[in-house]
Amino acid sequence: MTAQTLHPRVQIVWVLRAVLLSALVTAPFAGAAYLEYLPRWAPVAVGTVALTLTVAHALLRYRRWSYEIREDAIYLDRGVITQVRTTVPLVRIQHVDSRRGPIERTVGLASCVVYTAGSRGADVRIPGLTPGGASDLREELKRLAIRADGEDAV
C-alpha cells in the first residue's frame, strides 16, 4: 500500500483550532489594552502574528501528515517543526476505535485510534478520515492484527 494522506477537510478543523488558539493568546493583550496598560495596537499586532503562525502551522501540518498500512506495521509520518516517524507493529495492536468529535462530525470526518500494548497512553490517532474510511481502516487493521498475532504465536 502506498502512503495515504488525510482528507483535505481536516484543514478546516485544524484552522478552526488555530483561530481559537490565536484568540486565547490575544485576549490578555486585548484586556491590557482596554485597561490602558498597553497601546491599542498591541492586541492587533499580537493577534495578527498569532493567527498567521497558527494557521500556517495548521496548513503545513496537513501537508506533512501521511500514513501507510503494510502487512507488518502501521507507518506514520507527521510534524512541522519536529518531524515524527512512528512505526506500530501490528502484533502490538490491542484494539482499534473509530472516533468522531463534534467538530469532526460537523465537517464530515472521523479518526481512527489504534491502542497498542505497552506503556500508559500508548495509542496512535489517524485523523482526517471520512467516516467510511475510518470504519474500513478499523476493520483492515483488525484483520491484519489478528493475522499478525496468529503468525507471532508459538
Side-chain angles (χ1 to χ4, degrees), residues 1-70 73-90 92-142 145:
M1 179 181 226
T2 60
Q4 302 291 312
T5 58
L6 305 180
H7 195 285
R9 280 193 308 247
V10 76
Q11 294 175 93
I12 296 169
V13 175
W14 291 347
V15 166
L16 287 174
R17 286 182 186 158
V19 169
L20 179 61
L21 178 61
S22 298
L24 290 173
V25 166
T26 305
F29 291 91
Y34 178 77
L35 296 173
E36 298 182 359
Y37 292 118
L38 290 174
R40 294 267 182 216
W41 56 264
V44 174
V46 168
T48 301
V49 169
L51 187 62
T52 301
L53 291 175
T54 56
V55 168
H57 183 269
L59 297 175
L60 288 171
R61 181 180 176 199
Y62 169 75
R63 291 183 61 182
R64 185 73 182 113
W65 228 110
S66 66
Y67 68 96
E68 187 174 354
I69 309 299
R70 295 188 192 161
I74 305 167
Y75 298 88
L76 302 155
D77 192 9
R78 62 203 186 283
V80 176
I81 297 169
T82 301
Q83 295 179 350
V84 179
R85 289 191 171 102
T86 304
T87 302
V88 179
L90 295 175
R92 304 290 291 170
I93 293 177
Q94 296 293 305
H95 66 282
V96 184
D97 289 338
S98 300
R99 185 176 292 170
R100 296 184 75 197
I103 296 174
E104 288 176 315
R105 281 193 305 272
T106 302
V107 296
L109 294 176
S111 297
C112 188
V113 184
V114 179
Y115 297 90
T116 60
S119 62
R120 179 197 285 180
D123 60 337
V124 173
R125 183 173 175 261
I126 302 173
L129 303 170
T130 63
S135 293
D136 292 346
L137 182 59
R138 183 188 70 232
E139 292 303 315
E140 179 183 5
L141 290 174
K142 181 179 88 172

- Which value, rounded to the nearest 0.5 Å, describes the distance between R85 atom CZ and L76 atom CG? 11.5 Å
- Does the side chain of P127 come within less than 4.5 Å of L109's, by heavy atoms? no
- Atom CZ of F29 with >12 non-hydrogen neighbours under 6.0 angstrom: no
- Answer yes or no: is there a side-chain heavy-atom contact under 4.5 Å between I74 and V124? no
- Would you name the heavy atoms of P43 and P39 that are closest together and state the gap between them? CD-O, 3.6 Å
- Please report the closest heavy-atom contact between V10 and Y62, naming both atoms and the distance. CG1-CD1, 3.6 Å
- Message: Evaluate W14 against L59 for side-chain contact (heavy atoms from CB on, under 4.5 Å), listing each step before the verdict.
- Response: CA-CA 8 Å; W14 291 347; L59 297 175; over 6 Å; no
- Task: Please report the closest heavy-atom contact between R9 and G108, naming both atoms and the distance.
- Result: NH2-O, 3.1 Å
- Task: Measure across A134 and C112 and return the closest heavy-atom pair with its distance rounded to 0.1 Å.
- Result: O-SG, 4.3 Å
- Query: Atom CG in L90, atom NZ in K142: separation rounded to 0.5 Å?
  - Reply: 14.5 Å
- Note on the structure: CG (L141) and CD1 (I69) are apart, to the nearest 0.5 Å, by 4.5 Å
Distance-only criterion, 3.5 Å: show the donor-acceptor pairs between side-chain atoms of residues 19-27 and protein atoms not counting sequence neighbours.
{"from": "S22", "atom 1": "OG", "to": "A18", "atom 2": "O", "distance (Å)": "2.9"}
{"from": "S22", "atom 1": "OG", "to": "A50", "atom 2": "O", "distance (Å)": "3.2"}
{"from": "S22", "atom 1": "OG", "to": "L51", "atom 2": "N", "distance (Å)": "3.3"}
{"from": "S22", "atom 1": "OG", "to": "T54", "atom 2": "OG1", "distance (Å)": "2.8"}
{"from": "T26", "atom 1": "OG1", "to": "S22", "atom 2": "O", "distance (Å)": "2.7"}

- Query: How would you list all residue pairs meeting side chain to side chain donor-acceptor pair (under 3.5 Å) that involve residues 102-114, not counting sequence neighbours?
  - Reply: E104-S111, E104-R125, S111-R125
- Give the intermediate values and the outcome of side-chain contact (heavy atoms from CB on, under 4.5 Å) for residues Y67 and L137. CA-CA 11 Å; Y67 68 96; L137 182 59; 4.2 Å; yes
- Taken to the nearest 0.5 Å, the spacing of L129 CG from R99 CZ works out to 13.0 Å
- The reported gap from OG in S98 to CD in E139 (rounded to nearest 0.5 angstrom) is 8.0 Å
Which atom pairs, donor and acceptor, lie under 3.5 Å between side-chain atoms of residues 77-84 and protein residues at least two apart or in another chain?
{"from": "D77", "atom 1": "OD1", "to": "R64", "atom 2": "NH2", "distance (Å)": "3.1"}
{"from": "D77", "atom 1": "OD2", "to": "R64", "atom 2": "NH1", "distance (Å)": "3.2"}
{"from": "R78", "atom 1": "NH1", "to": "T86", "atom 2": "OG1", "distance (Å)": "2.9"}
{"from": "R78", "atom 1": "NH2", "to": "T86", "atom 2": "OG1", "distance (Å)": "3.3"}
{"from": "Q83", "atom 1": "OE1", "to": "R64", "atom 2": "NH2", "distance (Å)": "3.0"}

- Residues passing the ring pair (Phe, Tyr, Trp, His ring centres under 6.0 Å) test with H57, sequence neighbours excluded, are none
- Item | Listed once per pair and sorted, the side chain to side chain donor-acceptor pair (under 3.5 Å) pairs that draw on residues 28-38, sequence neighbours left out | none
- Any pair with a residue in residues 39-51 that passes side chain to side chain donor-acceptor pair (under 3.5 Å), sequence neighbours left out, goes on the list, sorted by first then second residue, please. none
- Closest heavy-atom contact between A117 and Q94? CB-NE2, 3.2 Å
- Task: Kindly compute the distance separating OH (Y75) from CD (Q4), expressed to the nearest 0.5 Å.
- Result: 15.0 Å
